[in-house]
Amino acid sequence: MCNIAGGRCSYNMSKFTSLMRPRSVAIVGASKTPGKIGYAVVENMKSSGFTGEIYPINPKEAEIAGLKAYPSITEVKKPVDVAVLCVPARVSIPVAEECGQAGVKHMIVITAGFKEVGKEGRELEDKLIEIAGKYGMSIVGPNCLGVIDTHTPFNATFAKNMALKGNIAFISQSGALCIAILDWSLKIGLGFSQFVSFGNKADLNEADFIEIASHDPNTKVICLYLEDIVDGPRFIKAAREATKRVPVIVLKSGVSAAGAKAASSHTGALAGSDTAYETAFRHAGVLRASSMTELFDLASAFTTQPIPQGKRIAVITNSGGPGIVASDSIELGGLKMAQFSEKTLDLLKETMPSMANIHNPIDVIGDAHYDRYETALNAALADPNVDAATVLLSPTAVIEVDKVANVIIEARRKYPDKPVVASFTGGFAVENGVAHLREHGVPTYAFPEPGVATLRGMAKFSELREAIRDGEEWTFDDVCKDKVKAIFEKVRSDGRDLLLSPEAAEVAELYKIPAAPSRLATTEDEAEKFALEMDFPVVMKIASPDIMHKTDIGGVKVGLKSKEDVRAAFISIMENSKKAVPGAKIYGVEVQKMMPKGDEIIIGMVKDPTFGPMVAFGSGGILVNLLQDASFRLASGLTKREVDEMITETKAYTILKGFRGAEADDIPAIAEAVARVAQLCRDFPEISELDINPVFAYPKGLSALDIKIKLS
Ligand code: COA
């Protein structure tokens with residue numbers, strides 16, 4: 001958002017060092033009264049291990065918690081990096097002004113009562129932003145819990161406790177959630193590098209904190225809880241950049257504003273309420289968690305395990321049932337059961353008892369001691385056909401649980417590039433082993449499926465990151481932007497927002513999107529001339545923005561094969577239209593070449609208010625809304641790889657690649673058309689909706705039949 005005048009749109013990370021590694025922190029509204037927020041923040045700062053200066057500010061007190069207190073921040077007379085505001089909303093305005101005068105760099109405004117409470121609060125928040133802008137201060141909040149950095153260390157929050165030291169940056173739009181997560185994390189021993197509640201995000205928002213955390217050497221994974229995103233393109237840029245170094249995982253609640261789109265287009269009707277976020281996260285390389293549990297399961301795994309190179313999983317178990325559960329979960333969730341090499345199979349054949357299953361899942365069977373696990377796990381991890389492993393254990397009377405835990409810890413050391421998760425299923429019998437594994441950073445689960453889900457998330461991140469790496473936008477320089485601009489200007493000057501079909505076809509042609517030839521005839525002679533030029537048969541349709549159901553009123557004639565047919569059709573279409581809709585503005589009659597039937601697809605675009613134009617590809621024709629078969633990607637930054645993915649992930653692809661012996665359609669030409677549509681929408685942000693339905697796909701080439709372009 002970058003609300004601050006002259007702010008940080010181009011990033012200077014050293015500026016934020018003083019936010020996360022301050023040398024001095026003032027607490028404005030510091031209090032001696034236990035139970036007050038100003039009291040809690042002072043206590044937290046003092047007990048956090050912070051080694052810089054702490055300045056309590058309170059007009060009535062000379063000393064708070066053994067620290068010298070100042071009546072105003074302007075009285076400190078020493079540099080203050082961060083001021084934590086815990087005074088009521090109205091008081092925070094003059095306090096912010098004083099912070100500015102005192103040269104404060106960042107304000108963490110814990111105070112509530114700003115835009116979240118309505119108009120009056122909104123005005124206060126605007127005032128706060130204005131003051132911060134005037135002095136070049138940044139704002140965290142207002143209406144937030146505050147900020148923790150465990151490595152600085154400092155705790156500028158009113159949470160009950162300090163977070164444990166760790167490598168997860170947790171950034172949350174909800175302060176209450178922060179409090180709950182923090183308490184829970186202490187119980188399970190989960191550590192954080194940074195812990196940020198950003199509240200109303202009057203200034204610093206999710207994109208800023210992603211950038212800040214991605215530059216933090218102590219952060220290995222960034223987790224966010226988000227309810228909305230204020231600046232889609234900046235979020236994507238920050239996340240894509242961050243992802244090159246650390247995974248970014250988001251738990252997003254609520255639905256996108258695109259859900260409320262005017263679904264006048266087919267493409268609009270195909271986009272679900274969450275399509276924009278789903279599409280944007282994928283493009284940003286962001287892994288989306290579906291629950292809090294998944295968010296932290298993944299976060300823990302990323303801080304302790306390497307990122308897998310692929311999806312091939314080895315399963316090692318001492319009992320059949322859990323092995324099958326894990327295998328099902330692997331296959332159903334899009335991972336692959338690894339196929340072992342001959343060398344691995346030979347080794348397992350030699351070392352395992354004859355009853356054991358040496359193929360994946362490796363079943364070391366119920367009488368196994370720890371040494372069979374050792375052999376099996378090491379053999380699997382040494383195999384180049386294996387990307388990751390999950391070790392399952394049922395506590396038989398003979399298995400040495402702790403020794404199996406050691407085997408896993410050792411194997412992790414020996415094969416540092418392959419993640420291993422474990423599921424020791426049981427209660428008291430596995431307790432120590434589980435604790436031992438966790439201490440040594442092996443993600444451990446009560447049952448097999450969550451472990452597989454973690455590996456799935458990790459493999460997905462690996463794919464997302466790979467996609468970002470070959471992320472060149474697919475562009476074309478053989479397009480005629482100026483001519484398209486002229487067409488749009490003409491449409492506008494005509495008082496329309498919808499292009500006539502021949503105009504839309506011309507736009508397509510100018511962007512080399514193959515379209516059925518189409519011309520606008522204003523006389524019978526012109527209609528005849530155009531039909532001869534494009535060759536018979538032709539279709540003729542009334543060209544009027546005021547006539548919606550053209551076929552119903554006799555405004556469409558198909559299969560016209562001669563000059564005579566065309567002339568007669570022109571007269572009859574004009575007469576029918578004038579009679580059916582008196583006073584309609586009629587531009588003439590469209591003459592369109594009748595194309596041979598092809599496989600029907602749709603290419604379109606719908607605009608999201610946060611993330612901009614999204615292109616769509618899917619099954620087209622009159623059943624488009626019934627089939628609901630479409631994939632979406634952001635037009636901005638659309639790569640060849642993304643377009644190929646878009647096509648292959650639809651059901652339409654099954655038809656296009658040649659269904660039941662039929663010849664395959666020209667998929668490269670289709671991909672190019674999708675990319676050209678994306679470029680058209682990028683070049684002309686005034687296009688609010690675009691629908692090409694149907695497009696006929698042929699073994700050689702394609703043809704756009706019905707093109708709708710609406711301008712905003
Ligand atoms: N400079 C410094 N201190 C000042 C001051 C000033 N200009 N004006 C007043 N103070 C002092 C007060 O005297 C008081 O200290 P005291 O306890 O010694 O009397 C202290 O600041 C706090 O002011 P007070 O009026 O007592 O406010 P409060 O503590 O009842 O409430 C907030 C202040 C910020 C906690 C409250 O307004 C609020 O926003 N609560 C909700 C916070 C929240 O939920 N945030 C979102 C979390 S996710």
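Every number for a ligand or one of its atoms is a count from 1 in the order of the listing. Only heavy atoms go into these numbers, but all of them, side chains included; no hydrogens, no water, no symmetry mates. Only a predicted model underlies this, so the values are computations on that prediction, with no experimental measurement involved.
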Show your working on side-chain contact (heavy atoms from CB on, under 4.5 Å) between Val221 and Asn167 and close with a plain yes or no.
CA-CA 7 Å; Val221 56; Asn167 304 106; over 6 Å; no

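Heavy atoms of other residues, nucleotides or ligands lying less than 6.0 angstrom from NZ of Lys46 number more than 12.
Ranking the protein heavy atoms by distance from atom 3 (N) of ligand 1 puts Pro59 CD, 3.3 Å first. With respect to atom 45 (N) of ligand 1, the closest heavy atom belonging to the protein is Ile110 O, 2.9 Å. The shortest contact between atom 9 (C) of ligand 1 and any protein heavy atom is with Val87 CG1, 4.3 Å. At the top of the distance list for atom 33 (C) of ligand 1, counting protein heavy atoms only, stands Cys86 O, 3.7 Å. At the shortest separation from atom 23 (O) of ligand 1 among protein heavy atoms lies Pro88 CD, 3.7 Å. Asn58 ND2, 3.2 Å is the protein heavy atom nearest to atom 15 (O) of ligand 1.
In this structure, atom 12 (C) of ligand 1 is not in close contact with the protein, since no protein heavy atom lies within 4.0 Å of it. Of the protein's heavy atoms, at least one falls inside 4.0 Å of atom 47 (C) of ligand 1. The protein reaches atom 1 (N) of ligand 1 closely, with a heavy atom under 4.0 angstrom from it.
The residue from Ser185, Cys223, Ser193, Ser197 that alone fulfils the side-chain contact (heavy atoms from CB on, under 4.5 Å) condition with Phe170 is Cys223.
Relative to atom 39 (O) of ligand 1, the option among Pro142, Ala112, Gly38 with the closest non-hydrogen atom is Ala112.
An N or O contact shorter than 3.5 Å is missing between Ile37 and ligand 1 by distance. The distance criterion of under 3.5 Å between nitrogen or oxygen atoms is met by Ser31 with respect to ligand 1. For ligand 1, the polar-atom distance check finds no N/O of Ser197 at less than 3.5 Å from any of the ligand's N/O atoms. Residue Lys32 has no N or O atom closer than 3.5 Å to an N or O atom of ligand 1. Considering both main-chain and side-chain atoms, Lys36 comes within under 3.5 Å of ligand 1 through a nitrogen or oxygen pair.
Tyr225 places a side-chain heavy atom less than 4.5 Å from the side chain of Ser174. At least one side-chain heavy atom of Pro443 sits under 4.5 Å from a side-chain heavy atom of Gln305.
Asn143 and Glu125 form no side-chain donor-acceptor contact under 3.5 Å, judged by distance and modelled atom types alone.
Remark: Thr33 engages Ser31, Lys36 in a side chain to side chain contact (heavy atoms under 4.5 Å, CB included) (not counting sequence neighbours). When the salt bridge (charged side-chain N to carboxylate O under 4.0 Å, His left out) test is applied to Arg465, no partner is found at least two apart in sequence or on another chain.
The main-chain N or O of Ile139 is found under 3.5 Å from a side-chain atom of Asp203 such that the two form a donor-acceptor pair.
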